[in-house]
Every structure is written in structure tokens, then in C-alpha cells.
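Below: one structure, written as C-alpha cells.
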Amino acid sequence: MKRHPVEPGKLVAGLVVLGVATVYGLDAAGEWDVRSLVPLMVLVGGLCAAGLVSALTYLTRRTRARTRARPLENGPRT
Amino acid sequence: MTDAPTVADESEGTAGSGEPRGAAAPLRRGRDQKMISGVCGGLGRYCDVDPVIFRVVLSVLALAGGLGLIVYGFCWLLVPLVGEDENEGRRLLSGRVEGPALTAVLCALVGCGLFLSMLNNGGVMWFSFMLTLAAGGAGYWAHQRRYAESGGAVDPATAQAVADAPPEAKAPPTRGGPGPSWWRDPIVKDGTTGLPGAAGTAGAGYLWGPDDGPYDKAMTRAERARRVRDRSSIGGWIFLVALATAAAGIRLSWHHQPLGTSLEIGLAGALAVFGLGMLVSCRYGRTGAGTAILTVVTCALLAAATALPRSVTTDWSRETWAPAAASAVRPSYKLGGGVGELKLDRFRLTDDQTVRTRADVGAGKLAVTVPRDARLKLTIRTGLGDIRLPGERGDDIDIEPGRERTVTLDPKGGARAAHGTLVLRLSVGLGNVEVTRS
């Protein structure tokens with residue numbers, strides 16, 4: 001497996017999915033009674049939020065890379 | 001029209017009619033490679049494929065199910081000849097009935113007849129459709145390949161920009177434009193085919209055979225040095241581990257848990273694996289949309305498993321309860337999954353006797369047989385399924401979630417004729433309840 005820069009979107013998605021799995025696990029163990037569709041909605045919403053986080057990360061990283069690259073380009077001219 | 005134009009004339013004709021160079025020529029029936037009407041020749045020229053391939057495919061299709069004849073007839077009617085702007089169909093409809101048009105109609109008609117006669121022969125139909133799809137796909141691919149090779153795949157704005165830009169140094173072409181082909185080019189004097197310049201190279205331009213262009217060590221090196229996209233996805237492994245987790249969870253809990261809970265345990269394990277995989281992929285390896293979709297699917301299955309009633313068990317059985325006397329009727333009968341038959345018609349009830357019992361089936365069917373002359377007080381509940389009472393039609397199946405019915409049914413002669421009363425509470429989680437009189 002290759003190491004790469006942290007992806008916060010995957011972190012959010014993983015936490016949401018783990019949480020939903022825990023809720024269903026508790027339901028299966030009889031500890032907690034849930035309405036069957038609620039965690040599914042939570043999961044879909046969480047994945048959408050994760051996508052949003054990924055997009056934001058991508059945008060901020062791109063703008064940061066551009067602002068970092070620009071002084072180097074303009075440096076010799078000024 | 002009387003003297004067949006040469007290949008050069010024809011290509012000039014299509015190129016000179018306002019078409020930009022390199023754009024695909026429209027589909028026209030050929031005059032020079034023509035066996036019957038030039039349909040196959042035209043298709044071959046359009047797709048840059050040997051017309052013999054189309055001839056063979058259409059012949060086979062004509063014999064097997066008549067589809068070939070239909071296609072041929074309609075192509076003949078709808079595709080105009082090279083250099084003409086009217087097709088045979090239009091000419092036919094405007095009253096100029098000629099031999100070729102009539103032959104085309106007859107051809108399509110015979111094809112339709114054959115096709116209809118083969119309609120109930122599934123194997124032949126499948127073969128025909130598959131062959132049609134394969135031939136169409138091959139033709140389309142060849143057409144697109146030629147189009148892309150000849151540089152026609154760029155939009156006009158790009159073409160304009162490229163034309164305005166100064167020419168830049170170009171590597172020698174690997175394949176010189178559209179490859180020369182023997183079915184397009186005239187046979188040269190020494191008996192070989194292809195362009196006169198390429199006549200010396202054996203086999204140049206064939207559909208199969210050696211490569212057209214130079215393919216030397218430099219090209220090999222360049223090909224090997226090409227950067228391949230880094231594939232470090234761990235989605236496949238996550239899926240396999242999740243599958244194994246689900247199987248293990250379901251297998252371990254199968255025998256001592258209800259069906260819904262067992263499935264829930266396995267699927268919750270799989271979901272947890274997906275979540276862990278995503279957490280790992282936050283730093284190492286990649287997961288993509290496939291993992292997300294699988295996660296949502298797993299969660300949907302989990303929701304369905306949660307919705308299963310707890311009374312549904314993992315074993316499927318068939319149970320028949322037939323008490324021989326009113327005193328032998330148990331207060332309740334239970335079955336997890338399967339078909340439960342409760343026969344209450346083996347004994348006679350006295351006039352004012354009342355027998356109470358209840359029956360529960362988790363999933364499957366509950367069939368209750370009651371005496372002909374008993375008064376019935378029924379309370380029936382189904383989680384998802386159908387209820388059928390005596391006197392209702394057998395083919396009227398109406399599945400509804402969360403149904404509850406309370407009815408009192410008198411026997412045929414009315415309340416006076418009733419001998420005894422049966423008070424039944426019947427419930428089925430998933431399936432149907434059927435009450436019949438003996």
C-alpha cells in the first residue's frame with residue numbers, strides 16, 4: 001500500500017460507516033432498537049458530506065499550490 | 001450511369017461535394033464493388049472493412065431467421081447510390097416504380113416472413129441478434145478507427161486553429177493515414193494490390209497480417225517507458241475481506257439466532273470492514289466510488305434484514321397440527337419459517353362450545369382448515385402478505401404491508417345453523433394466511 005497525503009473525506013466516510021455499523025451491531029445484539037431505515041439515511045448523508053469534504057480539500061490544496069507556485073514564477077521578473 | 005466510374009472518380013465525387021477532407025463519407029451504395037445492389041460494398045466502404053465480411057454475415061443472417069434479408073432490403077431502399085441524391089424508397093413512393101425498388105421490397109418482405117416463422121425458435125433468434133450486434137459493433141469500431149486515424153475526429157474550431165498555427169516538426173507517422181487496402185485500391189499491373197508505391201511491401205494494408213508502419217526498437221522503448229497510472233487501490237481487498245466477514249458472521253450465528261438477526265450480524269461486520277477500509281485509505285492506498293456504492297448496498301441490505309420480523313427463523317420446515325379432539329387443541333402453535341397447517345376439522349364442536357387458539361408463523365404460509373358448520377371469530381395479522389378467507393377467490397392475491405383484519409364469519413345457513421365457535425388469532429410475519437372450510 002502506498003502512502004499518500006491525508007484525505008479528510010475518507011476519514012469522515014470511514015467514521016460515519018463505522019458508526020452506522022456499530023448501531024446495527026447494537027441492534028443485532030438487542031442493546032438498542034433502531035428504526036431500520038434511519039441509519040441508512042444517516043449513511044447516505046454521511047457519504048455525501050464526505051464527498052463535500054473531499055471536494056473542499058481538493059479545492060484548498062489546488063489554490064494553495066497555485067499561490068505557492070506563483071511567487072516563484074513572478075520572482076525573477078520583478 | 002451506364003459506364004461504371006473508376007475508384008478515383010468516385011472518391012473525387014464524394015470529396016468534391018463540399019465534404020472537408022478527412023471527414024467520413026456518407027453511407028452510399030457502391031457502384032464498383034457490387035454483387036447485387038452494392039449494399040455490402042457501400043457498407044464496407046463506409047466502415048473501411050472488406051465488403052466480403054458484410055456479405056458473409058448478411059448471408060448467414062438471411063438463412064438464420066431472415067434478419068439479413070430485412071436489413072439488406074431496407075438498406076437497398078433507404079441508402080442512395082453513389083452520386084445520386086434520391087434513394088429507391090423515395091423513388092418508389094413518388095410513383096417511379098422500377099425493378100430494383102420492387103426487388104428490395106420483395107427482399108424485405110421475404111425476410112419478414114422468414115423472421116416471423118422463426119419467432120418461436122429462441123436459439124436462432126438469439127444467434128441472429130448476437131451476430132447482428134457483433135457485426136454492427138465491428139463495423140462501427142472500424143468506422144471510428146478510420147475516422148480517428150484520418151484526423152476527422154476533431155471539431156471544426158480545433159481544425160481551424162490547427163490550420164492557422166504554423167506547422168510544427170512531426171515524427172514520421174507510424175501508420176500512414178488510413179492504411180491502404182486491397183478492396184479500395186486498384187490492382188496494379190504486376191498483379192499485386194494496394195497503392196503502386198506500397199506494392200513492393202508484402203501484405204501492406206491487409207486487415208490481418210503484419211503491421212503497416214515501422215515498429216523498431218526506439219518505438220518499443222518509448223512504449224515501455226510510457227508512464228502507467230499508479231494503481232494502488234485497496235477496494236478489491238476490502239470487498240473480499242468484507243465478504244469473508246459477512247459469511248463468517250452469518251455462519252456462526254445461523255443456528256441460534258433468528259434469520260434477521262443472523263443476517264444483521266454478518267452484514268454489520270461487512271459494513272464495519274468497509275468503514276475500517278475507508279479509514280485506512282485516508283492515509284494508505286486508495287478507495288473509490290466502488291467501495292462507496294458497495295457500502296450503500298450493504299447498508300440497504302442491513303436495513304432490509306432489520307425489517308425482518310424476529311419470529312422468522314433460519315430453518316424452513318413443514319408442520320401439520322391436527323388435534324383429534326377439542327380438548328387437545330393447544331392454546332398456541334408456533335413455527336419460525338415454513339408452512340404450518342392447522343387442521344381443526346377433525347373433531348365436532350357442540351352447539352355452544354367455544355375453542356380458542358392462536359397460531360404464529362414467522363415466514364411462509366399458515367393454512368387453517370376449519371369445520372364447515374362452525375362460527376368463526378378471526379383476528380389475523382400479517383407483516384407483509386395476503387389474507388384469504390373462506391369464500392374468497394384463490395387467484396385474488398393482494399400483498400400489503402402491516403395488515404390486520406378482525407372478522408366474524410357465520411356458516412352457510414346463518415348464525416342459527418352454527419355448531420360451536422372457533423376464536424382464532426392468526427399471525428404471519430412474512431407470507432400469507434389461508435383459512436378454508438372443510
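Order of the sequence lines fixes the chain letters, A, B, ..., with proteins taken first and strands second; residue numbering starts at 1 for each chain.
Both the backbone and the side chain of B:T287 come within less than 4.5 Å of a heavy atom of chain A. For A:L40, the parts sitting under 4.5 Å from any heavy atom of chain B are the backbone and the side chain alike. When heavy atoms are compared at a cutoff of 4.5 Å, B:L267 does not approach chain A at all.
Heavy atoms from other residues, nucleotides or ligands lying under 6.0 Å from CZ of A:R35 number 12 at most. Enclosure of atom CZ in B:R425 is not indicated, since only 12 or fewer non-hydrogen atoms of other residues, nucleotides or ligands lie within 6.0 angstrom. The 12-atom threshold is not exceeded at CH2 of B:W237, counting heavy atoms of other residues, nucleotides or ligands nearer than 6.0 Å. Applying the 6.0 Å contact sphere to CZ of B:R283 captures more than 12 heavy atoms from other residues, nucleotides or ligands.
Contacts between residues 293-300 of chain B and chain A, defined by a heavy-atom separation under 4.5 Å, are made by B:T295, B:V296, B:C299, B:A300. Using a 4.5 Å heavy-atom cut-off against chain B, the contacting residues of residues 8-20 of chain A are A:K10, A:L11, A:A13, A:G14, A:L15, A:V17, A:L18, A:V20.
Interatomic distance, A:L37 CG to B:L302 CG, rounded to the nearest 0.5 Å: 11.5 Å.
Contact detail for B:A268 and A:G25: the closest heavy-atom pair is CB-N, 4.1 Å. In terms of heavy-atom proximity, A:A28 sits nearest to B:T261 at O-CG2, 3.3 Å.
With chain B as the partner, the residue from A:V6, A:D27, A:V23 showing the most heavy-atom pairs under 4.5 Å is A:D27. Contact count versus chain A (heavy atoms, under 4.5 Å) is highest, among B:P258, B:G277, B:S281, B:A292, for B:S281.
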